Amino acid sequence: MFTSGLRDKNLILFRFKNAWGDAIMLQLIIWLAVLIVLLLFCYYISDRRIITPEILFIAGFVPQVLQAFFYIKKWEIELSDDTLAVLIFGGVLFVAASWMAAQFFKRIKRKSHVHKNRQGTLKIDKKILLAFTAFEVFTILLTIYFLISAYGTSLQRAIYLFRAQSMVGYHGNDIEVHMPGFLRICKRVTTGSGFFWAYLLMQRIVLKSKDDRGILIANLLMSAINGFISTGGRKGVFQLIIAALMDLYLLYGANTGWNKKIRFKTILKLITLGFAFVGGFKIAGEAAGRTINFDFGDYLAVYLTAPLKNLDIFIRRGDFGITNISQSVSFAHLVQYLNARGFLQPYQDSFTYNRVNGFNIGNAYTMYFSYIHDFGYSGMVIFIIFSAGLCQYLFQRIKKNSAYDIPVATILYSYLASNLAFSFFGNFFITSIFDTTLIWNVLVWLGLGFIMKKRFVLKTRVRISPLKMGK
């Protein structure tokens, strides 16, 4: 009797666990199915252009949910009904808002820019490029001197300490070491210029021109190095890489009239590149002095699946809405800027780290966290519509215009869209808009464009027609 009762109890428990696991699996399957349907719809309405705002937004969530299947037990991934509703509604709303914005902007008549046919490629004066290369090297050496002098330790350790101390300051505490104002300006100019050099380099690759490629590559590398050693953060470097790939795709599509389809092999290569990209995060983190104890699988999951789990933890808590602007996550960078000038209280960090079954799954919460945290579900609706509309406006603009010699609109789209592509991880898009860094970057791009255009020299060996950014 006793043995039979125990056996029945274990059988009931076993069936309960299976049912619980099946329910979780069903949640993820539903979310994955919705994503696939949205991606197919986006691909259909975008005329096979895989770099439209809606595709960039949705695509990042696919590998996230795929890896979540392997961490159901390990990280107890059990999405609440509210979390699943947020994910589905948010994805559908962004796609719908982006599509409607596209239809609206297509109907707006804009005067076409008239460009005369030029004979040959445009070659930039090497003196200008070399002068900027020297400036970037000077900034790197000055930054290294500042870091080592400030902390009296190795460069790797100094980069880590400066970033850690800056993060402490981000939480409202005093920062003991301040970067000199002149050096901060040099850093802003050099890091912002990287997106400019990336576009020029991709343009030469598409046009099959070897002019100045070596110097442009050098300037691009110097810009990436400057951003890395001055912040210790990896996001800026990888954002630069993604923006460059977007420039390449936009220029290639424009040069071919958007007539060539993307092959399945190319998509597989992009997926492989994406995994290598995240793996590079680990290498770059170790180079910046961070101690990383995860294996590659768990490390990949921290960046892909953990934000999904963290979002669910946050939504289950139900602590939505802020009482003052200093608590805002969406405007964190703006709050920092105003606080440094005495206009607002110190920023109050809400990105708490979470642990599940002994695993530290970080403090990334997807894009939805900041909207819901600040203004509740209504805030999520407003910010999604705003983000989709703004990105679609830029995309429609660069698609309609002829390709300028140096199109700032295209560089700006690549910059913002590379942030949008990380929506599955965090809210980089809105924070980058309400940030003085964006203003600095645009001024740098405009300034460099003005200088370069004044120094163009025409060659007549090759005939290249002006590019058309769309039909």
Side-chain angles (χ1 to χ4, degrees), residues 13 16-35 38 57-58 60-94 171 294 298 300-324 327-330 332 347-384 422-431:
L13 183 61
F16 174 77
K17 287 182 177 180
N18 281 346
W20 178 77
D22 291 342
I24 297 173
M25 191 77 72
L26 181 61
Q27 289 178 329
L28 296 180
I29 290 173
I30 292 173
W31 176 219
L32 179 61
V34 171
L35 288 174
L38 288 175
F57 178 80
I58 294 296
F61 288 95
V62 175
Q64 181 181 69
V65 68
L66 285 174
Q67 194 179 39
F69 284 101
F70 298 95
Y71 283 80
I72 291 176
K73 293 182 178 180
K74 194 171 186 177
W75 287 355
E76 298 179 0
I77 296 179
E78 180 189 3
L79 302 181
S80 67
D81 292 339
D82 289 343
T83 303
L84 187 61
V86 165
L87 292 170
I88 294 176
F89 177 76
V92 172
L93 178 62
F94 189 97
H171 292 190
F294 294 108
D298 287 345
L300 191 67
V302 167
Y303 284 94
L304 288 179
T305 301
L308 186 64
K309 174 64 177 179
N310 287 332
L311 175 67
D312 184 61
I313 292 173
F314 163 72
I315 290 179
R316 286 176 182 274
R317 290 173 181 165
D319 188 15
F320 307 156
I322 57 176
T323 56
N324 65 75
Q327 299 172 331
S328 173
V329 175
S330 304
Y347 171 70
Q348 300 175 31
D349 186 18
S350 300
F351 291 97
T352 56
Y353 285 82
N354 293 312
R355 297 186 71 88
V356 178
N357 293 333
F359 290 92
N360 184 350
I361 60 174
N363 64 342
Y365 287 78
T366 79
M367 172 204 71
Y368 298 113
F369 164 75
S370 59
Y371 303 156
I372 300 173
H373 171 273
D374 290 355
F375 307 107
Y377 292 123
S378 59
M380 182 187 78
V381 173
I382 294 171
F383 276 108
I384 286 177
F422 280 96
S423 295
F424 70 93
F425 183 78
N427 186 25
F428 299 132
F429 181 78
I430 289 295
T431 54

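Only heavy atoms go into these numbers, but all of them, side chains included; no hydrogens, no water, no symmetry mates. Quick caveat: nothing in here was measured; it's all calculated off a predicted structure.
- Ala68 is linked by a side chain to side chain contact (heavy atoms under 4.5 Å, CB included) to Leu28, Ile77, Thr305, Leu308, counting only residues two or more places apart in sequence or in another chain.
- With sequence neighbours excluded, the residues forming a side chain to side chain contact (heavy atoms under 4.5 Å, CB included) with Ile29 are Met25, Phe69, listed by chain and number.
- Under the rule for a side-chain hydrogen bond (donor to acceptor under 3.5 Å, both in side chains), the partners of Gln327 that lie at least two apart in sequence or sit in another chain are Thr323, Gln348.
- One finds the CD atom of Gln64 at 8.5 Å from the CH2 atom of Trp31 (value rounded to the nearest 0.5 Å).
- The ring-ring contact (aromatic ring centres under 6.0 Å, His included) search around Tyr377 returns Phe320, not counting sequence neighbours.
- Scanning both residues, Thr366 and Pro307, for their nearest heavy atoms gives CG2-O, 3.6 Å.
- Heavy atoms only, all atoms of each residue included: Leu66 and Leu32 are closest at CD2-CD2, 3.8 Å.
- For Asn357, the side chain to side chain contact (heavy atoms under 4.5 Å, CB included) partners at least two apart in sequence or on another chain are Glu76, Phe359.
- Nearest heavy-atom pair, Gly91 versus Leu38, reported as atom, atom and distance to 0.1 Å: C-CD1, 3.9 Å.
- In this structure, CG on Asp319 lies 12.0 Å from CD1 on Ile372, to the nearest 0.5 angstrom.
- Applying the salt bridge (charged side-chain N to carboxylate O under 4.0 Å, His left out) definition to pairs two or more places apart or across chains, those involving residues 305-315 are Asp312-Arg316.
- Scanning all heavy atoms of the two residues, the minimum distance from Tyr368 to Ile384 falls at CE2-CD1, 3.7 Å.
- Taking every heavy atom of both residues into account, Phe425 and Tyr303 meet most closely at CD1-O, 3.3 Å.
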Apply the test ring-ring contact (aromatic ring centres under 6.0 Å, His included) to residues Phe375 and Phe383: give CA-CA distance (whole Å), side-chain angles for both, the deciding distance (0.1 Å), then the verdict.
CA-CA 10 Å; Phe375 307 107; Phe383 276 108; 5.8 Å; yes
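- With rounding to the nearest 0.5 angstrom, the CD atom of Gln27 is 10.0 Å from the CG atom of Leu87.
- With sequence neighbours excluded, no residue satisfies side chain to side chain contact (heavy atoms under 4.5 Å, CB included) with Ile382.
- Contacts of Ser330 classified as side-chain hydrogen bond (donor to acceptor under 3.5 Å, both in side chains), with partners at least two apart in sequence or in another chain: Asp374.
- Counting heavy atoms from C-beta on, the side chains of Ile88 and Ile30 come closer than 4.5 Å.
- With sequence neighbours excluded, the residues that form a side-chain hydrogen bond (donor to acceptor under 3.5 Å, both in side chains) with Arg317 are Asn354.
- Scanning for ring-ring contact (aromatic ring centres under 6.0 Å, His included) contacts around Phe369 gives Phe314, Phe351, Tyr365, His373, with sequence neighbours left out.
- Remark: Ser370 engages Asn427 in a side-chain hydrogen bond (donor to acceptor under 3.5 Å, both in side chains) (not counting sequence neighbours).
- Taking 4.5 Å as the limit, every side-chain heavy atom of Asn363 sits out of range of all side-chain heavy atoms of Asn310.
- Closest approach of Tyr71 and Gln67 over heavy atoms only: CD1-O, 3.5 Å.
- Partners of Phe424 under the ring-ring contact (aromatic ring centres under 6.0 Å, His included) rule, at least two apart in sequence or in another chain, do not exist in this structure.
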